[in-house]
Amino acid sequence: MAARRNKRQDFESGEHNLAGWLLVAHPSLLDANFKQTIVLISAHSKETGAIGVIVNRPLEQTLGSFKAEYNGHPLGNVPLYFGGPVAPEEMILTAWQSTDDPVVFKLYFGLSLQKAEELLTEDPAILMRGFIGYSGWSSGQLEGELSDNAWAVCPLDGATLHKEDAPGAWKRLLKRIRPEWSFLADGPADPGLN
């Protein structure tokens with residue numbers, strides 16, 4: 001009888017598509033672009049790689065303050081985030097909408113300005129974000145990082161997305177999905193100063 005594989009093995013081998021999942025950075029991941037990040041993966045395949053955005057790096061700007069032509073525009077108050085180091089001249093609009101079921105939600109990724117405005121008009125309570133740049137992995141790169149334990153994988157739910165940029169979100173989410181990493185997350189940024 002063959003042994004059952006777990007989801008972690010499926011992620012590492014690339015047999016599971018991570019689109020719509022969250023990556024949570026391991027405490028030892030020190031790359032300035034990804035240290036203590038939560039990444040929403042929007043597209044993934046072993047053959048073509050993966051694309052996502054960092055959801056816990058607010059830029060403390062809105063679309064209106066970033067581009068003057070959006071001052072007074074319905075999209076002018078959309079908050080902006082650092083989405084990742086790839087294509088920093090591009091902006092990706094996303095939105096998520098709650099439903100009657102707290103675990104179920106609608107996610108819109110890569111919205112056109114027209115569609116984003118329509119969604120805001122239909123539901124002013126919709127959560128909309130603009131991401132400057134994005135995060136990308138070439139074919140097999142993300143699978144390699146997962147096998148090196150650079151990331152923990154977490155299913156996406158509306159509650160997490162509503163709290164993605166709250167102070168301490170990275171630590172709370174990391175402790176929830178990989179408790180054995182919690183003592184590393186609580187350690188000093190530079191253990192030599194301890």
**Message:** Main chain of A150, side chain of D148: is a donor-acceptor contact present, judged purely on distance under 3.5 Å?
**Reply:** no
With sequence neighbours left out, the residues meeting side-chain contact (heavy atoms from CB on, under 4.5 Å) with P74 are E117
| task | Taking the side chain as every heavy atom from C-beta outward, state whether S135 and P85 have any atom pair closer than 4.5 Å. | result | yes
- Message: Looking at S139 and T48, would you say the former's side chain and the latter's main chain have a donor-acceptor pair under 3.5 Å?
- Response: no
Note to self: Between L173 and C154, does the side-chain contact (heavy atoms from CB on, under 4.5 Å) criterion hold? Intermediate values first, please.
What the structure shows: CA-CA 8 Å; L173 192 55; C154 177; 3.8 Å; yes
Hey, does K35 have a side-chain heavy atom less than 4.5 Å from the side chain of L29? no
Of L40, T37, L23, the one forming a side-chain contact (heavy atoms from CB on, under 4.5 Å) with I54 is T37
Distance col, row N77:CG vs T62:OG1, nearest 0.5 angstrom, shows 6.0 Å
Rounded to the nearest 0.5 angstrom, the CG-NZ distance for D123 and K106 is 9.0 Å
Y70 meets the ring pair (Phe, Tyr, Trp, His ring centres under 6.0 Å) criterion, sequence neighbours left out, with H73
Rounded to the nearest 0.5 angstrom, the CD-CZ distance for Q36 and R57 is 8.0 Å
| query | Do L75 and L113 pass the side-chain contact (heavy atoms from CB on, under 4.5 Å) test, and can you show the C-alpha distance, the side-chain angles, and the key distance before you say yes or no? | reply | CA-CA 8 Å; L75 299 176; L113 292 171; 3.7 Å; yes
field: Ring centre gap for W151 and H26 strictly below 6.0 Å
entry: no
Does NZ in K67 sit with more than 12 non-hydrogen atoms of other residues, nucleotides or ligands closer than 6.0 Å? no
So, W170 side chain and A25 main chain: donor-acceptor pair closer than 3.5 Å or not? yes
When every non-hydrogen atom of I126 is compared with those of A95, the smallest separation belongs to CD1-CB, 3.8 Å
Do I41 and L22 have side-chain heavy atoms sitting under 4.5 Å apart?
no
- [ ] Say whether, by atom type as modelled, one donor and one acceptor occur between the side chain of N17 and the main chain of H44 under 3.5 angstrom.
- [x] yes
Distance col, row I51:CD1 vs L142:CG, nearest 0.5 angstrom, shows 12.0 Å
Of all heavy-atom pairs linking A152 and L174, the shortest is CB-CD1, 4.5 Å
Next on the checklist: Are F109 and L93 packed together at the side-chain level, in the sense that at least one heavy-atom pair is separated by less than 4.5 angstrom?
Outcome noted: no
Review point. Could you go step by step and tell me if I132 and F66 meet the side-chain contact (heavy atoms from CB on, under 4.5 Å) rule?
Key: CA-CA 10 Å; I132 305 300; F66 185 69; 3.9 Å; yes
Output for pair (W96 CH2, M128 CE), nearest 0.5 Å, gives 10.0 Å
Over 60° means perpendicular and under 30° means parallel, so tell me whether F131 and Y81 are parallel, tilted or perpendicular. tilted
So CG of L146 and CG of L18: to nearest 0.5 Å the spacing works out to 6.5 Å
Handout entry: Stepwise side-chain contact (heavy atoms from CB on, under 4.5 Å) check, E122 with L119
Key = CA-CA 5 Å; E122 291 169 13; L119 287 171; 4.1 Å; yes
Checklist line | Within 6.0 Å of CD in Q114, more than 12 heavy atoms from elsewhere | finding: no
Check: Any side-chain heavy atom of L63 within less than 4.5 Å of one from M91?
Finding: yes
* Are W21 and H16 an aromatic pair by the rule of ring centers under 6.0 Å? -> yes
